[in-house]
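Below is one structure, written out as structure tokens; comments come after it.
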Amino acid sequence: MQKTMHAIRLTGPVTPYQLTVTDVPVPDVRPGWVRIRVKAFGVNESEVTSRKGQSSPDFSFPRILGIEGIGIVDAVPENSDLRPGQKVATMMGGMGRAFDGSYAEYTLVPAGQLIPFDTDLPWETVGALPEMFQTAHGSLTTGLGLKAGQTLLIRGGTSTVGLSAATLAKGLGTTVLSTTRRPQRAQLLRDHGVDHPIVDDGKIAERVQDLFPDGVDAALELVGGPALPDTLRAVRPGGTACFTGSLADQWTIPDFNPFAVIPIGVRLTVYGGEATDLPPTVFDHQLRAIGEGRLKPAIAKVYHGLDQVPQAHIDLEASDTPGKHVVVLD
């Protein structure tokens with residue numbers, strides 16, 4: 001008789017209240033795939049979109065959601081470099097979209113997208129990190145090539161990626177400007193290392209240039225298409241802007257005219273990475289920095305048990321508390 005586990009498995013679009021825990025078979029290990037016992041996972045906007053049935057074609061029902069997770073290796077195929085009992089993180093690469101994800105006691109993922117780590121930090125802390133730190137790290141390095149001594153503008157600064165990018169950029173030795181639409185969140189930005197909080201009314205380029213007349217060296221765009229032209233105007237000639245996210249849920253610019261949108265000499269890139277873009281050595285460095293108090297993870301709230309996932313979705317959609325919503329499986 002096949003062993004079963006608790007999981008939240010969807011057969012179609014549902015409301016948060018219909019994210020119910022059921023018993024499903026524990027996935028069998030197969031060549032190239034590793035089974036992990038899930039200890040914690042972050043809840044993400046893309047999972048809300050998938051729950052509503054509004055995802056891109058790479059997503060399909062039936063599905064166990066969850067694009068990231070951390071846990072302990074439970075079973076490995078023959079000739080694996082991993083060993084049972086090892087702590088690992090995993091994210092994206094089709095997880096929770098093309099194949100079942102982390103809203104379960106066990107998940108089966110490709111061995112190539114596992115990041116081994118060793119830390120005494122609590123599961124709830126590490127569980128907040130994989131997706132938001134990978135995206136922030138990749139945007140700053142691959143997307144922007146950010147260097148010490150440069151200036152960075154983060155558009156959409158109180159998002160999980162925005163707050164993570166600020167802490168990572170400060171650790172690199174840069175001057176950070178970051179935006180929020182709510183004046184009362186300026187202190188939150190400062191707490192995460194931001195030097196110049198900016199209240200975003202839709203047009204911030206002139207205020208950035210009041211601080212740095214030639215513009216900033218780099219800009220991370222997390223708000224999306226509608227904000228991008230204004231963000232580009234805040235970048236100096238020779239500088240770079242990286243389009244990584246769309247908090248406004250608008251990924252395109254209607255009737256896009258590069259000559260009208262992109263200032264002369266300003267470079268525009270994009271970033272959308274995978275687990276392989278976060279090397280274990282970099283993840284280990286981030287974990288050590290958190291343990292030593294040099295890096296502050298943005299955690300909004302911690303939930304205990306799969307039955308708390310509905311509340312996590314409700315809270316995430318409410319957007320009342322900045323930071324990552326993390327579910328811990330005790």
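Note that this is a predicted model, so its numbers are computed, not measured.
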Side-chain contact test, heavy atoms from C-beta onward, threshold under 4.5 Å: evaluate it for [X] versus [Y] and give yes or no.
X	Y	result
Lys301	Thr321	no
Asn257	Asp255	no
Val34	Pro77	yes
Asp74	Val26	no
Leu278	Pro130	no
Leu228	Leu268	yes
Leu152	Leu144	yes
Gln187	Arg190	yes

Could you walk me through whether Tyr271 and Thr141 pass side chain to side chain contact (heavy atoms under 4.5 Å, CB included), step by step? CA-CA 10 Å; Tyr271 180 75; Thr141 55; over 6 Å; no
Tell me, with the steps shown, if Thr142 and Asp277 meet side chain to side chain contact (heavy atoms under 4.5 Å, CB included). CA-CA 9 Å; Thr142 302; Asp277 293 334; 5.7 Å; no
Flag yes if [X] and [Y] sit in one hydrophobic cluster, no otherwise; membership is Ile, Leu, Val, Met, Phe, Trp, Tyr, and two members link when side-chain heavy atoms are under 4.5 Å apart.
X	Y	result
Phe243	Met92	no
Leu153	Leu168	no
Trp123	Ile290	yes
Tyr303	Val38	yes
Phe61	Ile8	yes

Looking at every heavy atom in both [X] and [Y], which two are closest together, and how far apart are they?
X	Y	value
Gly291	Leu121	CA-CD2, 4.1 Å
Thr160	Gly323	CG2-C, 3.2 Å
Lys87	Thr119	NZ-O, 2.7 Å
Leu163	Pro322	CD1-CB, 4.3 Å
Gly156	Leu222	O-CD1, 3.7 Å
Tyr17	Thr20	O-CG2, 4.2 Å

What distance separates [X] [atom1] from [Y] [atom2], expressed to the nearest 0.5 Å?
X	Y	atom1	atom2	answer
Thr174	Leu146	OG1	CG	5.0 Å
Ile198	Leu189	CD1	CG	10.0 Å
His6	Tyr106	NE2	OH	11.0 Å
Met91	Ile70	CE	CD1	11.0 Å
Gln86	Ile72	CD	CD1	11.0 Å
Ser159	Leu220	OG	CG	8.0 Å

Between [X] and [Y], is there a donor-acceptor pair closer than 3.5 Å when you use the side chain of the first and the backbone of the second?
X	Y	result
Gln113	Thr90	no
His192	Leu188	yes
Arg63	Ala98	yes
Thr269	Gly143	yes
Asp195	Val176	yes
Ser164	Phe133	no
Asp100	Ile64	yes
Arg267	Gly238	yes
Glu47	Asn44	yes
Gln308	Gly305	no

Would Thr151 and Leu211 count as a side chain to side chain contact (heavy atoms under 4.5 Å, CB included) if you check the C-alpha gap in whole Å, the side-chain angles of each, and the deciding distance to 0.1 Å? CA-CA 11 Å; Thr151 51; Leu211 295 167; over 6 Å; no
Can you confirm whether [X] is buried at [atom1], in the sense that more than 12 heavy atoms of other residues, nucleotides or ligands lie under 6.0 Å from that atom?
X	atom1	value
Asp81	CG	no
Glu206	CD	no
Arg294	CZ	yes
Asp330	CG	yes
His304	NE2	yes

Is there a side chain to side chain contact (heavy atoms under 4.5 Å, CB included) between Leu129 and Leu287? Walk through the geometry before answering. CA-CA 9 Å; Leu129 306 180; Leu287 294 173; 3.5 Å; yes
Charged N to carboxylate O below 4.0 Å: is that the case for [X] and [Y]?
X	Y	result
Glu68	Lys324	yes
Arg97	Asp58	yes
Asp230	Lys203	no

With under 30° as parallel and over 60° as perpendicular, where do the rings of Tyr103 and Phe41 fit, or are they tilted in between?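 Because their plane-to-plane angle is under 30°, the rings of Tyr103 and Phe41 count as parallel.
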Test of understanding: with side-chain contact (heavy atoms from CB on, under 4.5 Å), list the residues that count as partners of Gln18, not counting sequence neighbours.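 In terms of side-chain contact (heavy atoms from CB on, under 4.5 Å), with neighbours along the sequence ignored, Gln18 is linked to Val14, Thr15.
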